[in-house]
**Q** 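Before anything else, here's the structure in question.
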Amino acid sequence: MTPLRRRSVLLAGLTGAILMVGAATAQSATTVRYYPVAPGVQLNVRSGPGTTYSIVRVLPVGANVPIWCQTPGQTVTGPYGTSNIWDNIDSGEYVSDAYVNTGSDGYVASRCA
């Protein structure tokens with residue numbers, strides 16, 4: 001194989017690898033599930049996994065939230081039991097899993113890094 005041909009094959013391989021990584025990232029973004037907040041609840045969104053963190057915003061009644069990842073934090077009791085799991089719903093935004101109907105008492109998404 002000539003040096004020029006080797007470079008072309010290498011470049012094609014790298015391009016394919018980059019495209020596959022891009023496709024995996026795009027697919028991950030579309031597989032995030034949305035879950036309903038407890039009926040009749042306006043839910044405080046916090047800057048971290050606990051009630052001592054500042055309120056970033058308040059979700060309206062009937063809101064659905066994406067869960068990007070989950071992390072342990074302060075234990076909270078809500079309509080769906082008592083839990084120390086906090087759901088990351090956006091960058092720097094967390095809600096207690098005890099207020100989100102995930103259908104599980106455990107983790108339904110990967111742990112936050």
Side-chain angles (χ1 to χ4, degrees):
M1 188 179 292
T2 67
L4 181 58
R5 174 78 175 132
R6 267 185 258 149
R7 279 189 227 134
S8 296
V9 170
L10 178 61
L11 182 58
L14 288 173
T15 302
I18 290 169
L19 289 174
M20 286 173 37
V21 168
T25 302
Q27 183 180 11
S28 296
T30 60
T31 58
V32 170
R33 291 194 50 199
Y34 282 77
Y35 297 91
V37 171
V41 172
Q42 286 186 312
L43 185 57
N44 291 333
V45 178
R46 304 264 180 189
S47 62
T51 60
T52 59
Y53 288 89
S54 62
I55 296 173
V56 176
R57 62 185 170 121
V58 178
L59 296 176
V61 172
N64 288 311
V65 295
I67 297 178
W68 295 99
C69 62
Q70 294 177 298
T71 191
Q74 178 184 2
T75 299
V76 171
T77 298
Y80 299 110
T82 299
S83 178
N84 74 330
I85 298 173
W86 285 74
D87 306 329
N88 177 252
I89 64 168
D90 205 344
S91 180
E93 296 187 359
Y94 296 84
V95 294
S96 170
D97 196 63
Y99 284 86
V100 180
N101 187 4
T102 62
S104 172
D105 289 335
Y107 288 87
V108 296
S110 61
R111 296 254 182 134
C112 301

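Keep in mind the model is a prediction, meaning the values are calculated, not measured. Residue numbers start at 1 and run along the sequence shown. Atoms considered below: every heavy atom in the structure, side chains included; atoms not considered: hydrogens, waters and symmetry mates.
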**Q** What verdict does the side chain to side chain contact (heavy atoms under 4.5 Å, CB included) test give for Ile85 and Tyr107, after you've listed the backbone C-alpha separation in whole Å, the side-chain angles of each residue and the deciding distance to 0.1 Å?
**A** CA-CA 7 Å; Ile85 298 173; Tyr107 288 87; 3.9 Å; yes
**Q** To the nearest 0.5 angstrom, please state how far the OG atom of Ser96 sits from the CG atom of Leu43.
**A** 7.5 Å
**Q** I need the minimum non-hydrogen distance between Val76 and Tyr99, along with the two atoms involved.
**A**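 Minimum heavy-atom separation between Val76 and Tyr99: CG1-CE1, 3.9 Å.
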**Q** Is there a path of hydrophobic side-chain contacts, each under 4.5 Å between heavy atoms of I, L, V, M, F, W or Y residues, that connects Val108 with Val37?
**A** yes
**Q** Pair Thr102, Asp97 - check side chain to side chain contact (heavy atoms under 4.5 Å, CB included), show working.
**A** CA-CA 8 Å; Thr102 62; Asp97 196 63; 3.4 Å; yes
**Q** So does Asp105 have more than 12 non-hydrogen atoms from other groups sitting under 6.0 Å from CG?
**A**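 For Asp105, atom CG is not crowded (no more than 12 foreign heavy atoms under 6.0 Å).
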**Q** Please answer whether the main-chain N or O of Gln74 pairs with a side-chain N or O of Trp86 as donor and acceptor at a distance below 3.5 Å.
**A** yes
**Q** Specify the closest pair of heavy atoms between Trp68 and Asp90, including all atoms of both residues, with the distance to one decimal.
**A**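 Nearest pair, atom of Trp68 first, then Asp90: CD1-N, 3.9 Å.
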**Q** Minimum heavy-atom separation for Ala98 to Gly81, with atom names?
**A** CB-O, 3.3 Å
**Q** Atom CD of Gln70 and atom OG of Ser110: how far apart are they, to the nearest 0.5 Å?
**A** 8.0 Å
**Q** How long is the span from the CG atom in Asn64 to the CD1 atom in Ile89, to the nearest 0.5 Å?
**A** 11.0 Å
**Q** Cluster question for you: counting only ILVMFWY and a side-chain heavy-atom cut-off of under 4.5 Å, with indirect links fine, are Val95 and Tyr80 together?
**A** no
**Q** Would Tyr35 and Asp87 count as a side chain to side chain contact (heavy atoms under 4.5 Å, CB included) if you check the C-alpha gap in whole Å, the side-chain angles of each, and the deciding distance to 0.1 Å?
**A** CA-CA 10 Å; Tyr35 297 91; Asp87 306 329; over 6 Å; no
**Q** Got a sec, which pairs hit salt bridge (charged side-chain N to carboxylate O under 4.0 Å, His left out) with one end in residues 45-70, sequence neighbours left out?
**A**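 Passing the test, one end in residues 45-70: Arg57-Glu93.
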**Q** Using every non-hydrogen atom in the two residues, find where Val56 and Ser47 come nearest and quote the distance to one decimal.
**A** CG2-N, 3.6 Å
